[in-house]
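Here's the structure we're looking at; comments come further down.
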Amino acid sequence: MDSPSPTRPPLRHVLSSAQFDRPFLDYLVTLTTTIRRFDKSREGMVYLQSLLAHKRAMLYFTQPSTRTFLSFQSACHILGITASEIRDASTSSERKGESVEDSLRTFSSYVDLIIMRSPIPRLCERIATMLDETPRPVPIINAGSGPDEHPTQALLDIYTLSRSLRLEGGIEGKTICMVGDLKRGRTVRSLARLLINYPGVKILFASPPAFRIEEDLRADLKAANVDFEETTAFESAIAAADAIYMTRIQDEYDAPGAVRSDDHSAYHLTAGHLPQLKKSCAILHPLPRRNELDPAIDQDPRAKYWRQERNGMWVRVALLTILCGIDDRVQLPEL
Ligand code: CP
């Protein structure tokens with residue numbers, strides 16, 4: 001199995017996709033594929049459940065989530081981790097005026113790991129720094145931080161791209177087209193930063209002018225010499241792509257009371273576009289979707305988004321084994 005450098009420091013927190021390099025990504029992809037094979041037998045699943053039965057995790061999600069929450073919860077169950085949850089700060093003592101810092105420090109008194117989604121950008125970094133100075137510096141996993149980052153989504157996207165493009169030689173040298181709200185789409189920001197690790201990748205950012213990528217991402221891509229283009233020419237971009245990454249308009253970040261009447265249908269992927277796409281093109285979407293991705297595409301073999309969300313559970317299992325330092329115990333010959 002590809003293994004991370006022996007000099008690599010142990011994974012402490014998962015805060016930003018910028019913390020991952022290519023050896024780590026290759027190792028995670030291989031480890032995830034290995035772990036998925038445990039699912040093929042009862043003995044395999046019982047073995048996985050025995051690995052972390054002594055650990056407890058907190059799922060603190062104060063922004064809505066379906067698949068990130070459920071896939072992390074399922075990943076905990078698969079590894080035997082007992083998972084507690086808060087899904088609405090109004091049901092916690094934050095309602096009584098407790099600060100978010102004190103709430104998270106309280107969780108660290110009871111659990112070994114905190115997985116958190118928050119509308120507040122960089123809150124995870126702040127909490128990780130704070131906890132690192134306490135007697136219980138439990139690891140923090142960023143499960144989505146406002147419009148800023150969603151690093152574990154980017155890891156599962158890399159896994160899905162690696163698997164989907166493996167017959168075409170993998171991600172290196174491929175053209176990846178990202179579509180939609182590229183300004184506020186945290187999955188786009190985190191994935192684009194991971195793509196820096198794949199030489200020869202070209203990124204086509206296709207979006208309405210109001211939703212172009214932010215300057216910090218543009219600067220990071222330039223500094224890393226990534227070949228990228230920002231375009232409004234949706235149809236020619238998708239026709240050139242080896243993979244298309246669709247995203248929805250993130251209107252939860254609109255100013256309060258804002259009424260948007262703009263029409264983004266020129267950036268919707270429909271069944272009518274399928275004949276224009278490459279035969280091996282992989283179509284991804286972090287989901288949930290609205291009307292930017294036609295359900296009529298779901299049956300096309302190039303549609304990878306349902307597989308992508310299931311991959312998310314296994315990538316998160318693999319990540320938890322690394323974070324808890326037991327990835328060396330996930331080897332099939334033991335079965
Ligand atoms: N992709 C993603 O983060 O989905 P949820 O918001 O449903 O967790």
Side-chain angles (χ1 to χ4, degrees), residues 14-17 20 28 32 57-78 83-89 113-124 140-164 176 178-195 211 217 243-254 269 282-293 295 297-298 303-320:
V14 176
L15 303 174
S16 162
S17 60
F20 300 117
L28 183 72
T32 301
M58 182 72 200
L59 293 157
Y60 174 71
F61 276 57
T62 55
Q63 253 191 333
S65 170
T66 297
R67 67 217 85 241
T68 309
F69 179 85
L70 283 175
S71 62
F72 263 122
Q73 187 186 50
S74 300
C76 287
H77 293 166
I78 286 169
S84 306
E85 65 184 65
I86 285 183
R87 301 209 60 180
D88 182 347
L113 169 70
I114 297 171
I115 303 162
M116 57 184 284
R117 169 172 289 193
S118 163
I120 306 169
R122 306 191 73 78
L123 177 64
C124 298
I140 299 288
I141 298 182
N142 179 356
S145 48
D148 181 36
E149 279 252 23
H150 195 348
T152 66
Q153 175 72 43
L155 293 173
L156 75 91
D157 294 338
I158 286 290
Y159 181 76
T160 305
L161 286 170
S162 298
R163 300 284 299 168
S164 303
I176 314 289
M178 297 179 142
V179 184
D181 187 343
L182 310 180
K183 184 181 176 66
R184 304 173 298 182
R186 58 192 174 196
T187 66
V188 167
R189 291 169 57 76
S190 291
L191 177 57
R193 286 198 167 93
L194 284 190
L195 289 172
F211 298 123
L217 176 57
I244 300 171
Y245 192 84
M246 296 297 298
T247 66
R248 70 178 170 84
I249 301 298
Q250 310 279 315
D251 52 13
E252 61 268 45
Y253 299 114
D254 283 354
L269 189 66
I283 305 169
L284 280 70
H285 192 308
L287 302 175
R289 67 177 161 194
R290 291 188 191 151
N291 49 7
E292 70 282 349
L293 181 60
I297 294 173
D298 290 6
K304 305 296 182 190
Y305 31 93
W306 297 114
R307 196 172 300 179
Q308 181 186 359
E309 71 171 12
R310 184 161 168 81
N311 287 343
M313 179 177 75
W314 290 111
V315 169
R316 286 168 174 136
V317 171
L319 194 62
L320 289 174

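Order of appearance sets the numbers: ligands from 1, and atoms from 1 within every ligand.
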Might you point out which heavy atoms bring L284 and D157 nearest each other, and give the distance in Å? CD2-O, 4.1 Å
Side chain or backbone, does F69 bring an N or O within less than 3.5 Å of an N or O on ligand 1? no
For residues T247 and V179, determine if any side-chain heavy atom of one lies less than 4.5 Å from a side-chain heavy atom of the other. no
Do the non-hydrogen side-chain atoms of R184 and D254 ever get within less than 4.5 Å of each other? yes
Pull out every atom of ligand 1 sitting under 4.0 Å from any heavy atom of T66, numbered as shown with elements. 5 (P), 7 (O), 8 (O)
Can a cation-pi geometry be assigned to R316 and F72, taking NZ or CZ under 6.0 Å from the six-membered ring centre and within 45° of the ring axis? yes
Does NZ or CZ of R87 lie under 6.0 Å from the centre of the six-membered ring of F69, at an angle within 45° of the ring axis? yes
Nearest to atom 6 (O) of ligand 1, what protein heavy atom do you find, and at what distance? R117 NH1, 3.0 Å
Answer side chain, backbone, both or neither: which part of L287 comes under 4.0 Å from ligand 1, heavy atoms only. backbone
At under 4.0 Å between heavy atoms, which part of H150 makes contact with ligand 1: side chain, backbone, both or neither? side chain
